[in-house]
Amino acid sequence: MEIWYHGHSCVQLTRGGHSLIIDPFISGNRLATTKPEDVKAEYVLLTHGHPDHILDTVPIAKSNNATVIATFELATYMSWQGLNTFAMNIGGRASIGFAEIEMIQAFHSSGIVLEEEKKIIYGGMPGGYVIKWDGLTILHSGDTALFSDMKLIGQRHKIDLAFLPIGDVFTMGPDDAALAAEWLGAKAVVPLHFNTFPPIVQDADRFAAGLRDKGIQSQVLQPGEKLTL
Ligand SMILES: O=c1ccn([C@@H]2O[C@H](COP(=O)(O)O)[C@@H](O)[C@H]2O)c(=O)[nH]1
């Protein structure tokens, strides 16, 4: 499987001619090296409605005729933007043909911010995804705090790779993310949601080295970097 990190919490998974992207925030990220037009994907998975997770959903979904997967409220909002959508909610599983996905809980918030109207509309619950694809199990936690049911998620899934936020302030910081990696029983971890804005600057290399000391593989990806699993 090819993993393409577009920066912040945006990752694209590709295998066997199929591709999905999670939380497309590229055009608004000063650290990004790719462009929304570079993305070719059949599905856009959204973890929650904040701008730094949904910003490029409409152009990417429209140019690819892709289906947007999100909680019912966020999927409904995206359908009002003229997109194909598939609504899910926490605990639900679904097949997208080449992969099975499950929406898992996250402790965060999910308002959809309408800047021009100075309005925030309800975006449903925030979440994350467990993706089972050709024998690999990938977890993208979305934005979340540490929560003890990560142990339950780890009991139910043998996680090959977990994408976890480490930025602190809005999500878990590095210490809680390291504990999350242990509780999830993840074989490997790629950190997300750091360095994009001043409040979430972190030493990701130190985080990764700390995990490796505990026997958990970890690699820091730079925006635009690819990894093969
Ligand atoms: O320096 C900053 C700090 C934050 N933001 C915005 O804050 C929210 C955080 O949402 P999360 O989903 O918790 O990441 C988001 O809208 C950021 O864009 C910012 O713009 N600049």
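For ligands, and for the atoms within them, numbers begin at 1 and follow the listed sequence. Values below: every heavy atom of this structure, side chains too, minus hydrogens, waters and symmetry copies.
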For ligand 1, the portion of Pro199 having any non-hydrogen atom under 4.0 Å away: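 The answer is the side chain.
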His8 N/O under 3.5 Å from ligand 1 N/O: no
Is the backbone N or O of [Y] less than 3.5 Å from a side-chain atom of [X], with the two atoms forming a donor-acceptor pair by type?
X	Y	result
Ser141	Leu164	no
Trp4	Leu13	no
Asp176	Leu146	no
Asn29	Thr196	no
Tyr129	Leu46	yes

Tell me: protein heavy atom nearest [atom], and distance?
atom	value
atom 18 (O) of ligand 1	Phe197 CZ, 3.5 Å
atom 8 (C) of ligand 1	Asp52 OD1, 4.2 Å
atom 4 (C) of ligand 1	Phe170 CZ, 3.3 Å
atom 12 (O) of ligand 1	His50 ND1, 2.6 Å
atom 11 (P) of ligand 1	Asp143 OD2, 3.2 Å

Atoms of ligand 1, numbered as shown, that sit under 4.0 Å from any heavy atom of [X]:
X	result
His108	11 (P), 12 (O), 13 (O)
Pro51	16 (O)
His48	12 (O)
His53	12 (O), 14 (O)
His193	11 (P), 14 (O)

Interatomic spacing from OG1 in Thr47 to NE2 in His53 - rounded to 0.5 Å: 5.5 Å
Pairwise distance CZ(Arg15) to CG(Leu136) - rounded to 0.5 angstrom: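 Spacing of CZ (Arg15) from CG (Leu136) equals 5.5 Å.
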His108 and Phe147 aromatic centres sub-6.0 Å: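 No, too far apart.
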